[in-house]
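Positions are given from 1, in the same order as the sequence printed here.
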Amino acid sequence: MTIIDQIEARTMTTGTCVEPGTFELREAPLPQVAPEGWTLVDICAVGLCGTDYHIFQGKHPYLEYPRVIGHELSGRVVESTAELKSGTLVVINPYVSCGTCRACLRGKPNCCTRIQVLGVHCDGGLCARIAVPHNNLYAAEGLSEVQAAMVEFLAIGAHAVARSGIAQGDRVLVTGAGPIGIGTALFARLQGVEVHLLDLSRKRLQLASDKFGFKHLHEDSAAVLAGDLADGFDVIFDATGSARAIEAGFPLLAHGSSYVLVSIVKDRISFEDAEFHKREARIIGSRNALKSDFERVMDAIRTGAIDTDALLSAELSLADLPTRFSALAEDREALIKAIVRP
């Protein structure tokens, strides 16, 4: 069935994780009316990220199956609103907050107590059309459809950097050179500080060097604290998704430092309290992103401070995904960002 046929039949194809290890294309009704305060958006491009792969592999802690995935989204407004004309390209903020909880009232909707993340807590945007709250749509003027679909994952790193309190002269370590780690490292570097990358994969580190010019690369956490680095790092960002890697990061903290946990794990994390207190270190959780982070990312893309061409690893159609999802999820060493056109 073609897209035109689907629209006439008022149906659409969705990319659905039915259960761990099973991804299918399923038919669903094409939304015709949005709830009050929401807007219909025709999806243009969808980025695949670690969350989607974790959902496929059954590793996500907040998910029920089946689930239409997709939260890194760009689209075009179906009908004009007071703020956006029909056809306007938008970045979709996938974090749907309640607006009334303590976090929301304190200006922190990214960690709303009743948050619904598209593609995680509720169905996402790997489909032709979705409804989104008005306030979650940001005009993507000056960006392409593919660039606009990259904004959300970069905003995760931008938010972590904003949370960290990085100061001039700080020495920064990012552990985990996957997409979120690379995004975090790029925005940390924009602060004018020395950025180091730590990853077990030589291929990932080489990719970070070749595509983005990172020079301070480390494969072994046990060998990092030597020479000029013996005093440790002022700010460490963890983007590994590994409890063992997070625990291995504590000895790398300098005195008076901050440890920003960007990734999320199901496991308990332990550390030696005496060593932690001796350093007067801080642990900072970083979750999702705020509108200001999305705006910061869009500005960086417009000015060329962030090279989105270097981030794009693959572009494929939704029809290709059932046969390729498993391979993408299993072999991500050379993959930064895959974009799907639904």
Side-chain angles (χ1 to χ4, degrees), residues 50 153-202 204-242 244-264 269 271 275-276 278-290 292-293 296-297 299-300 305-307 310-311 336:
F153 98 86
L154 290 168
I156 298 291
H159 182 70
V161 170
R163 295 266 295 147
S164 71
I166 282 179
Q168 286 294 319
D170 280 352
R171 182 189 296 147
V172 172
L173 175 68
V174 178
T175 61
I180 298 299
I182 290 294
T184 303
L186 289 171
F187 278 91
R189 188 168 64 180
L190 289 177
Q191 301 301 306
V193 298
E194 179 182 301
V195 178
H196 294 244
L197 286 173
L198 171 63
D199 198 289
L200 296 176
S201 169
R202 182 171 298 179
R204 277 186 174 178
L205 292 173
Q206 191 61 51
L207 193 66
S209 175
D210 293 343
K211 285 185 171 288
F212 306 104
F214 288 105
K215 301 302 181 188
H216 305 294
L217 309 174
H218 310 275
E219 291 181 53
D220 183 2
S221 61
V224 172
L225 299 183
D228 293 340
L229 302 179
D231 289 337
F233 295 88
D234 304 300
V235 181
I236 299 179
F237 297 93
D238 175 83
T240 64
S242 163
R244 284 187 62 190
I246 292 172
E247 291 176 347
F250 282 94
L252 306 181
L253 290 165
H255 284 238
S257 58
S258 297
Y259 199 178
V260 185
L261 304 185
V262 190
S263 63
I264 184 170
I269 298 166
F271 55 90
E275 287 295 318
F276 181 75
K278 182 171 71 177
R279 287 166 168 79
E280 198 183 44
R282 297 189 303 163
I283 299 175
I284 301 171
S286 183
R287 187 182 185 193
N288 300 327
L290 295 166
S292 58
D293 303 308
R296 191 178 307 113
V297 171
D299 286 343
I306 297 294
D307 181 1
L311 293 167
I336 300 177

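Of all heavy-atom pairs between Ile166 and Val161, the closest is CD1-CG1, 4.1 Å. Contact detail for Phe214 and Ala185: the closest heavy-atom pair is CZ-CB, 3.6 Å. When all heavy atoms are compared, the tightest approach of Ser258 to Ser164 is OG-O, 4.1 Å. Among all heavy-atom pairs drawn from Ala245 and Thr240, the shortest one is CB-OG1, 3.4 Å. Across all non-hydrogen atoms, the minimal contact from Gly241 to Ser263 is N-OG, 3.0 Å. When every heavy atom of Leu205 is checked against every heavy atom of Ala177, the shortest pair comes out as CD2-CB, 4.4 Å.
The list of ring pair (Phe, Tyr, Trp, His ring centres under 6.0 Å) pairs with a residue in residues 153-182, not counting sequence neighbours, is empty.
A salt bridge links Lys278 with Glu275; the closest basic N to acidic carboxylate O contact falls under 4.0 Å. Ion pairing between Asp299 and Arg296 fails under the 4.0 Å rule for side-chain N and carboxylate O.
Relative orientation of the His196 and His216 rings is parallel, given thresholds of 30° and 60° on the angle between their planes. In this pair, Phe250 and Phe271 present their aromatic rings parallel. The plane angle is below 30°, not in the 30 to 60° band.
Contact of the Arg282 side chain with the Ser257 side chain is not registered, since no non-hydrogen atoms from C-beta on lie closer than 4.5 Å. Side-chain contact between Leu207 and Arg204: absent, with no pair of heavy atoms (C-beta onward) separated by less than 4.5 Å. You'll find the side chain of Thr184 stays beyond 4.5 Å of the side chain of Val260, heavy atoms only. Side-chain contact between Ile336 and Phe212: present, with at least one pair of heavy atoms (C-beta onward) separated by less than 4.5 Å. No side-chain heavy atom of Ile264 sits less than 4.5 Å from a side-chain heavy atom of Arg287. No side-chain heavy atom of Gln191 sits under 4.5 Å from any side-chain heavy atom of Asp170. Counting only heavy atoms from C-beta outward, the side chains of Leu311 and Ile306 approach each other to under 4.5 Å.
To the nearest 0.5 Å, atoms CD1 (Ile182) and CG (Asp199) are separated by 8.5 Å. Note: Arg244 CZ to Ile269 CD1 = 14.0 Å, rounded to the nearest 0.5 Å. One finds the OH atom of Tyr259 at 12.5 Å from the CD1 atom of Ile284 (value rounded to the nearest 0.5 Å). Expressed to the nearest 0.5 Å, how far NZ of Lys211 lies from CG of Asp307 amounts to 8.0 Å. Glu247 contributes atom CD, which lies 11.5 Å from atom OG of Ser221 (distance to the nearest 0.5 angstrom).
Screening Val172, Ile180, Leu173, Leu261 against Phe237 for a side chain to side chain contact (heavy atoms under 4.5 Å, CB included) leaves a single residue, Val172.
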